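Data first, discussion second: the structure below is written as structure tokens.
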Amino acid sequence: MIEIELDGRKVEVAEGSMVMHAAEKAGTYIPHFCYHKKLSIAANCRMCLVDVEKAPKPMPACATPVTQGMIVRTKSEKAIKAQQSVMEFLLINHPLDCPICDQGGECQLQDLAVGYGGSSSRYEEEKRVVFHKDIGPLVSMEEMSRCIHCTRCVRFGQEVAGVMELGMSNRGEHSEIESFLGDSVDSELSGNMIDICPVGALTSKPFRYSARTWELSRRKSVSPHDGTGANLIVQVKNHKVMRVVPLENEAVNECWIADRDRFSYEAVNSEDRLTQPMIKQGGQWQTVDWQTALEYVANGLRKIKSDHGAASIGTLASPHSTLEELHLAGAFMRALGSENIDTRLRAADFTATAGTARWLGTPIASLSQLQRVLVVGSNLRKDHPLFAQRIRQAVRRGGKLSVVNAAEQDWAMPVAQSLLAEPGQWAQALADIAAAIAGEKGVAAPTTGNATDAAQAIAKSLLGGDRKAVLLGNAAAHHPRASSLLALANWIGEQTGATVGYLTEAANTVGAPLAGALPGEGGLNAAQMLAGGLKAVLLLATEPEFDSAAGAASAAALAQAEMVVTLSPFKANLAFSDVLLPIAPFTETSGTFVNAEGRAQGFHAVVRPLGETRPAWKVIRVLANLLGLPGFDFEASTDVLARVAGGQVKAGETVPATLLSNAATGAIDLSTTAAAPVSASIYQLDGLVRRATSLQLTADARAALTAAEGVTP
């Protein structure tokens, strides 16, 4: 550690730190624009000039290493004068259009100009003009004359997103930030450029000119999409969601969020929202009141149970639903006498049992520190953008990434070893890696394998380093041989000292088993229910045509049922449903999500329910009351949470280790007849992203659409 004097106070910092780091530790603010704690040091803006004793001129705090005994003054006349001079230069070409700027009220330049800017300018020359650029549907570059060339956006692309989509061309007053060859910015993390831009040069295209920042209320929430559980600030005006930005949480999402976390809010304001209960009569949809709709459903369930037995009734629930909704859905089914409930809609292997959950196997934050990692069956960048970002940081620090996958993909990071095989060959590929490890260690392999060159390279990589992980992606979780893949991964992890876990697909993939949303003894799994045969089906926030492995075939199977009840925020499943019940999306209800590492995160509604929409847990509770089922006397979602897993799941805490298990069951099966696993593309994951207009205009969404239609993009 090195001790310096900062504004008269002694501060100890690690050797190699900069003056800016010492100031942060001491709680002293030094004005800056280009410096960002998550990005490399550029020293572009010079706003952080400070007075260093014995230095002939002011020094940039962000790029000046500390030395023993250094004396730094941040508020001396010399430092203040230097900072004021830099501000004067920065404002020479700035358009000074604060009254109409989207960034007004939350602009770093505006804030610092108040303290360090002059009341007039000595420069009377014409200001430069930079023409706007179109870089896609999410990020606006309409006002690039405001740019101060801090290069935060450029460095973010290079270092965090892994794709250098923006760069600075030319020199001097002709310098411009632009995309290469006029390309669009297509990174799945591109919206973070808006947050880190210190001026109004990069703004949100969907939010542009919608509201002023001081008109917005700010409320905390949690992303309902992938297993990261990114923390959000949802900004609201007049009971309408206007914008979503990240809430910093170093243990979960740091200060970043994925574009689908940021822009999916468009769906909650879309014309596709279901705002009143509806019943299909004579092939026509009729709007009814809640009492009529619920009595219709209750009478239908009562009759079907009487005629065909409780086993003819089932529930398919979205793993993006809250813990409370899933728990009540399971309790409702069991109170009726049925064990038919499942959330594993895209799965093909159903050996997991309720009570324990398969999880990441390691804290999310530890992904950034891995020295060796093997990823099996995942399009990591698109399936888990924030996990990919952490693993990218690990690789930048010298970590080695190995991959077992079906095709070459752009991982936006160096891949040390890649073993490509058809999905049916993945179990054999892991068996080959296991055989190579067994050969290196002189132990017996778990099954028959051939230590190919690729397998040996991956084995040697995993046997090196200290911090290691074997991570199974969505395609591995949905694989027909998922249990065999897990068993082989567990053996590899045991022999190499690596943790083993699932990257997890949805917001509550880990929470669903804890909530009891898996079939009990004798119950039908999702594939069996979607194959047909049920007389009554409840669909909780899911659209089986898009959310299940059965795909379009599910519509014909569900159409055979006597009654299909859809609980959804949207007008969904119209072709085969008999009743539509409007339930609240995550912005209009309270609840809990359990992320990939087992962290239970609670959230509250940020706006009141739209129209006649009601929280799903309340709808299920009232329906149970109408049927006279006992144990549904909950007054708040927190009362429901207290019943989950015997009260062991608590919001804000990590789920007890006894409830998390990646144990595999059954013998290892190396047969190659397995069908290709079904996984959703990045902007088809759930009903919210599918209805977010701007996300559907992105390159990723267009590529997925052309692939689905069998057209070459």
Side-chain angles (χ1 to χ4, degrees), residues 18 20 30-36 39-50 55-64 78-98 100-103 107-135 139-159 163-185 190 193-194 196-203:
M18 303 296 161
M20 185 70 82
I30 298 175
H32 61 273
F33 293 114
C34 68
Y35 172 76
H36 190 282
L39 303 177
S40 62
I41 291 169
N44 287 346
C45 72
R46 319 305 283 185
M47 191 66 210
C48 64
L49 292 176
V50 293
K57 59 183 180 179
M59 304 293 287
C62 68
T64 303
K78 184 178 179 180
I80 297 293
K81 222 171 180 183
Q83 292 162 358
Q84 288 174 338
S85 297
V86 169
M87 177 59 71
E88 186 176 20
F89 277 113
L90 286 175
L91 293 177
I92 289 175
N93 279 309
H94 198 78
L96 304 179
D97 54 355
C98 301
I100 63 160
C101 179
D102 252 11
Q103 198 92 336
C107 172
Q108 222 173 319
L109 181 65
Q110 190 180 54
D111 293 343
L112 292 179
V114 172
Y116 299 91
S119 58
S120 62
S121 174
R122 291 180 289 173
Y123 294 87
E124 297 178 355
E125 291 79 9
E126 290 184 1
K127 293 179 182 286
R128 74 173 194 152
V129 174
V130 180
F131 289 106
H132 65 82
K133 304 165 181 69
D134 186 0
I135 57 169
V139 181
S140 172
M141 293 182 78
E142 290 292 318
E143 309 291 349
M144 290 306 291
S145 296
R146 299 169 183 160
C147 178
I148 60 171
H149 307 135
C150 69
T151 68
R152 279 186 179 184
C153 56
V154 177
R155 285 175 286 145
F156 172 83
Q158 279 183 297
E159 299 163 16
V163 187
M164 188 177 173
E165 295 177 297
L166 295 179
M168 188 161 72
S169 61
N170 304 319
R171 295 174 66 86
E173 70 169 5
H174 302 293
S175 299
E176 290 187 33
I177 298 293
E178 56 186 337
S179 61
F180 298 105
L181 304 176
D183 287 346
S184 57
V185 170
S190 65
M193 293 179 182
I194 299 166
I196 63 175
C197 181
V199 295
L202 300 180
T203 53

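Atoms considered below: every heavy atom in the structure, side chains included; atoms not considered: hydrogens, waters and symmetry mates. Quick caveat, the model's predicted, so the values are computed rather than measured. Sequence positions, counted from 1, serve as the residue numbers for this chain.
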So, do Met87 and Phe33 sit near enough that their side-chain heavy atoms are less than 4.5 Å apart? yes
Any chance you could measure Asp134, atom CG, to Ser140, atom OG, to the nearest 0.5 Å? 8.5 Å
Is there a side-chain contact between His94 and Arg146 in this structure, where contact means two heavy atoms from C-beta onward sitting under 4.5 Å apart? yes
Any side-chain donor paired with an acceptor under 3.5 Å for Thr203 and Asp102? no
Does atom CZ (Phe180) have a neighbourhood of more than 12 heavy atoms from anything else shown, all under 6.0 Å? yes
Leu166 versus Met141: any side-chain heavy-atom pair under 4.5 Å? yes
Let me see the working for Tyr116 and Met47 under side chain to side chain contact (heavy atoms under 4.5 Å, CB included), right down to the final yes or no. CA-CA 10 Å; Tyr116 299 91; Met47 191 66 210; 3.8 Å; yes
Closest heavy-atom pair and its distance - Tyr123, Glu88: CE1-OE2, 4.2 Å
What I'd like to find out is whether the side chain of His32 reaches to under 4.5 Å of the side chain of Cys62, using heavy atoms alone. no
Is it true that a side-chain atom of Glu142 and a backbone atom of His132 form a donor plus acceptor pair closer than 3.5 Å? no
Between CD1 on residue Ile194 and CZ on residue Phe156, distance to nearest 0.5 Å: 10.5 Å
Please give me the minimum heavy-atom distance between Met193 and Cys153, naming the atom from each residue. CE-O, 3.9 Å
Can a donor-acceptor pair be found, under 3.5 Å and without considering hydrogens, that links the side chain of Arg155 to the backbone of Leu39? no
Rounded to the nearest 0.5 Å, the OG atom of Ser40 sits from the CD atom of Glu159 at a distance of 3.5 Å
Does any part of the side chain of His174, heavy atoms only, come nearer than 4.5 Å to the side chain of Arg128, both counted from C-beta? no
Please determine whether side chain to side chain contact (heavy atoms under 4.5 Å, CB included) holds for the pair Met144 and Glu176, giving the CA-CA distance in whole Å, both sets of side-chain angles, and the decisive distance to 0.1 Å. CA-CA 8 Å; Met144 290 306 291; Glu176 290 187 33; over 6 Å; no
Does Ser145 use its side chain to pair, donor to acceptor, with the backbone of Val130 at less than 3.5 Å? yes
Do Met18 and Tyr35 have side-chain heavy atoms sitting under 4.5 Å apart? no
Just by modelled atom types, is the Ile92 backbone N or O under 3.5 Å from a matching donor or acceptor in the Lys127 side chain? yes
Could you tell me whether the side chain of Gln103 and the main chain of Cys197 form a donor-acceptor pair under 3.5 Å? yes
Leu109 vs Leu91 side-chain heavy atoms within contact, under 4.5 Å: yes
What is the distance from atom NZ of Lys81 to atom CG of Leu49, rounded to the nearest 0.5 Å? 14.0 Å
Go through the steps for Met20 and Cys48 under the test side chain to side chain contact (heavy atoms under 4.5 Å, CB included), then give the verdict. CA-CA 8 Å; Met20 185 70 82; Cys48 64; 3.7 Å; yes
How far apart are the closest heavy atoms of Ile177 and Cys147, and which atoms are they? CG1-SG, 3.7 Å
Closest non-hydrogen atom pair between Cys34 and Asn44, with its separation: SG-N, 3.3 Å
Flag the pair Leu112 / Gln83 as yes when at least one side-chain heavy-atom distance between them is below 4.5 Å, and no otherwise. no
Side-chain (His149) to main-chain (Ser175) donor-acceptor, under 3.5 angstrom: yes
Ignoring hydrogens, what is the shortest heavy-atom contact between Cys45 and Val86? Give both atom names and the distance. O-CG1, 3.2 Å
